[in-house]
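Everything below concerns the one structure shown next.
For this chain, numbers begin at 1 and follow the sequence in order. Fair warning: this is a prediction, and the values are worked out from it, not measured in the lab.
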Amino acid sequence: MRAFEAAARHSSFSDAAGELHLTPAAVSQQIRLLEQHLGVQLFHRLPRGVALTDMGQAYALPIRKSFSEMQEATEGLFTVRRKRKVRVRASISYATLILAPRLKGFHDRHPDIEIELSTAVWSDRMDDETIDLDIRYGTGHWDERDIWQLSHEVAMVVCHPDHARAFGDTPQLQDLLGAGIVPVLGSEVEWSRFADYFGLDLCPPPIWMKADSSLIALQTISAGFGTALIHESFAQPFLDRGDLVSPFEYRLPIRQAYFLVAREGYRKHDEVEAFRNWILDPDAAGEVPDLPAEG
C-alpha cells in the first residue's frame, strides 16, 4: 500500500522506488500483488510512466489520508519536541531579586522557549560562548555593540526593624551607622557619596562585615543587625515583607545601572529576540521591574 500511494503521487514506479529506496521492479511487483489481492487494476501502464485508473484514483485518496493521519498521530504522541533555549547571565542579586520572580511572565507569553539562567558576581565581558544575553552592571561602556539600559538606580539606607527600634522612636543616622555597616564590595565609595550628596557630616562608619553581593548584604542585615546602603529595587521585596525598613527618606542616585548586553548576531535567533523584547517592554504589566525614576 505504501508503494501504491507513492506511485500514485508520482505517477511513476521509478520515482516511487527512489523515494522508498527500492528498485522499480520491486515496486511494480508489490503493486501487481495488491491488484491481484483487490481484484482490480489500479494503474494504466503507459510507455512513459503510469496513470491511475478510475478505481485507482478513488482508492488513492483515502489511502493517502490514512498515511497522513498515521504520521500525525505518531509525531504527536511519540516525537519529543526540542524547546528553543535562551541562555541568560546576570548578577546573583539581579537574577534572584529582580529577574527570577518575573520569569513566569515570559513563560506565559512564550511557553515554547526554555530559559537557562546563570549567575556571576562580577562580569564585564561575554567570554563564555554559552551565553546569549548578559545583564551587566556598570556604565554601559563596553565593547559589545548591542546594549540597552534596563534601569536607573537609587540607593537607600535599610536595616532590620528591631535594629532601628534599638535607637529609639526616631533613630539618628549617625547612631545607626555607628553600630556597624555592611558595605557591598565594589560599592564602598557610595557611603562617601551619600554623605557628600546630602551634605551630611558623618564620621566614617565602622564596617561590621563586607559582602560580595547586595543579596548577601540584605540577607545578613535581615537577621537583625547592621545597616546597608542598597539599591531600592533590590531592597523592595524585603521592605514589602517587613523584613527590613528604611528609617530615612534619603535616596541616593547611582551613577551605574543595569544593562542588557546581547551577543553579536542575536537577531538570527527568534527566541533571543523574544526575550530581549520582553525584558525591555515597559507595557508588560507585572513582567518588568518597577524601576525608580532617575534622580
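- Contact check for Asp212 versus Val184: no side-chain heavy atoms found under the 4.5 Å cut-off.
- Under the 4.5 Å side-chain criterion, counting only non-hydrogen atoms from C-beta, Leu33 is in contact with Gln36.
- For Asp162, the salt bridge (charged side-chain N to carboxylate O under 4.0 Å, His left out) partners are Arg165, not counting sequence neighbours.
- Contact of the Ile131 side chain with the Ser118 side chain is registered, since non-hydrogen atoms from C-beta on lie closer than 4.5 Å.
- Aromatic rings of Trp148 and Phe259 (six-membered ring for Trp) have centroids beyond the 6.0 Å cut-off, not under it.
- For Arg45, the side-chain hydrogen bond (donor to acceptor under 3.5 Å, both in side chains) criterion is met by Glu35, not counting sequence neighbours.
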Using residues 236-253 as the side-chain source, report each donor-acceptor pair under 3.5 Å to any protein atom, sequence neighbours left out, with the distance given to one decimal.
unit_1 : atom_1 : unit_2 : atom_2 : d
Gln236 : NE2    : Asp240 : OD1    : 2.9
Arg241 : NE     : Asp243 : OD2    : 2.9
Arg241 : NH2    : Asp243 : OD2    : 3.3
Ser246 : OG     : Val157 : O      : 2.9
Ser246 : OG     : Phe248 : O      : 3.4
Arg251 : NH1    : Phe248 : O      : 3.2

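- Residues Ser222 and His160 come closest through the heavy atom pair O-CD2, 3.1 Å.
- Hydrophobic clustering (ILVMFWY, side-chain heavy atoms < 4.5 Å, transitive): Ile230 and Leu99 are in one cluster.
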- [ ] Could you walk me through whether Ile254 and Val154 pass side-chain contact (heavy atoms from CB on, under 4.5 Å), step by step?
- [x] CA-CA 5 Å; Ile254 301 299; Val154 297; 5.5 Å; no
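- The two residues Tyr258 and Ser91 come nearest to each other via the heavy atoms OH-OG, 3.7 Å.
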Open item on the list: Arg193 vs Glu188, test: salt bridge (charged side-chain N to carboxylate O under 4.0 Å, His left out). Steps then yes/no.
Closed with: CA-CA 9 Å; Arg193 285 192 60 244; Glu188 297 92 338; over 6 Å; no
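- Minimum heavy-atom separation, Ala7 to Ala16: N-CB, 3.5 Å.
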Please list, one pair per line, the donor and acceptor atoms closer than 3.5 Å that link side chains of residues 170-178 to other protein atoms, with sequence neighbours excluded.
unit_1 : atom_1 : unit_2 : atom_2 : d
Gln172 : NE2    : Thr170 : O      : 3.4
Gln174 : OE1    : Cys203 : N      : 2.9

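- Taking the ring centroids of His231 and Tyr137, they lie under the 6.0 Å cut-off.
- Proximity of Val86 to Trp278: side-chain heavy atoms (C-beta onward) are nowhere separated by under 4.5 Å.
- Side-chain contact between Gln71 and Ser68: absent, with no pair of heavy atoms (C-beta onward) separated by less than 4.5 Å.
- Here Leu46 sits alone; no ILVMFWY side chain lies under 4.5 Å from its own, so it joins no hydrophobic cluster.
- Evaluation of the side-chain hydrogen bond (donor to acceptor under 3.5 Å, both in side chains) rule for His141 yields Thr139 as partners, not counting sequence neighbours.
- The pair Lys85-Glu116 counts as a salt bridge, with a side-chain nitrogen and a carboxylate oxygen less than 4.0 angstrom apart.
- Evaluation of the ring pair (Phe, Tyr, Trp, His ring centres under 6.0 Å) test over residues 164-187, restricted to residues two or more places apart or in two chains, returns His163-Phe167.
- Arg64 is linked by a salt bridge (charged side-chain N to carboxylate O under 4.0 Å, His left out) to Glu5, counting only residues two or more places apart in sequence or in another chain.
- In this structure, Ile216 is not a member of the same hydrophobic cluster as Trp191, with clusters built from ILVMFWY side-chain heavy atoms closer than 4.5 Å.
- Across every non-hydrogen atom of Pro101 and Thr96, the tightest pair is CD-O, 3.4 Å.
- Summarising the geometry, atom NE2 belonging to His110 is positioned 10.5 Å from atom CG belonging to Asp270; distances are rounded to the nearest 0.5 Å.
- The OH atom of Tyr94 lies 13.0 Å from the OG atom of Ser214; values are rounded to the nearest 0.5 Å.
- Ionic pairing of Asp132 and Arg87 is present here: one or more N-O contacts between side-chain nitrogen and carboxylate oxygen are shorter than 4.0 angstrom.
- Ser151 places no side-chain N or O within donor-acceptor distance of the main-chain N or O of Glu153, the cut-off being under 3.5 Å.
- Annotation: Phe106 is in aromatic contact with Phe275 [ring centroid separation under 6.0 Å].
- In this structure, the side chain of Arg102 engages the main chain of Ile98 through a donor-acceptor pair within 3.5 Å.
- Taking the side chain as every heavy atom from C-beta outward, Val158 and Ile221 approach each other to under 4.5 Å.
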Open item on the list: Please determine whether side-chain contact (heavy atoms from CB on, under 4.5 Å) holds for the pair His269 and Arg84, giving the CA-CA distance in whole Å, both sets of side-chain angles, and the decisive distance to 0.1 Å.
Closed with: CA-CA 9 Å; His269 305 282; Arg84 295 178 293 165; over 6 Å; no
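- Note: Gln256 CD to Ser187 OG = 7.0 Å, rounded to the nearest 0.5 Å.
- A donor-acceptor distance shorter than 3.5 angstrom exists from the side chain of Ser66 to the backbone of Pro62, with no hydrogens or angles considered.
- Evaluation of the side chain to side chain contact (heavy atoms under 4.5 Å, CB included) rule for Ile207 yields Ile181, Pro183, Lys210 as partners, not counting sequence neighbours.
- Expressed to the nearest 0.5 Å, how far CG of Leu117 lies from CD1 of Ile115 amounts to 8.0 Å.
- Distance check, rounded to the nearest 0.5 Å: CZ of Arg89 to CG of Asp134 gives 4.0 Å.
- In this view, Gln149 and His152 satisfy the side-chain hydrogen bond (donor to acceptor under 3.5 Å, both in side chains) rule, not counting sequence neighbours.
- Residues Arg263 and Leu133 form no side-chain contact, since every pair of their non-hydrogen atoms from C-beta on lies 4.5 Å or further apart.
- Through side-chain heavy atoms spaced under 4.5 Å, either directly or across other Ile, Leu, Val, Met, Phe, Trp or Tyr residues, Phe13 is tied to Met1, Phe4, Leu20, Leu22, Val27, Ile31, Leu34, Leu38, Val40, Leu42, Phe43, Val50, Leu52, Met55, Tyr59, Ile63, Phe67, Met70.
- Taking 4.0 Å as the cut-off between side-chain N and carboxylate O, Arg9 and Glu19 count as a salt-bridged pair.
- Contact of the Gln219 side chain with the Leu215 side chain is registered, since non-hydrogen atoms from C-beta on lie closer than 4.5 Å.
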Task: Worked check of side-chain contact (heavy atoms from CB on, under 4.5 Å) between Arg109 and Asp281 - done: CA-CA 13 Å; Arg109 188 183 294 185; Asp281 183 1; 3.9 Å; yes
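- The minimum heavy-atom distance linking Ser93 with Ser213 is given by the pair OG-CB, 3.6 Å.
- For Glu273, the side-chain hydrogen bond (donor to acceptor under 3.5 Å, both in side chains) partners two or more places apart in sequence, or in a different chain, are Arg276.
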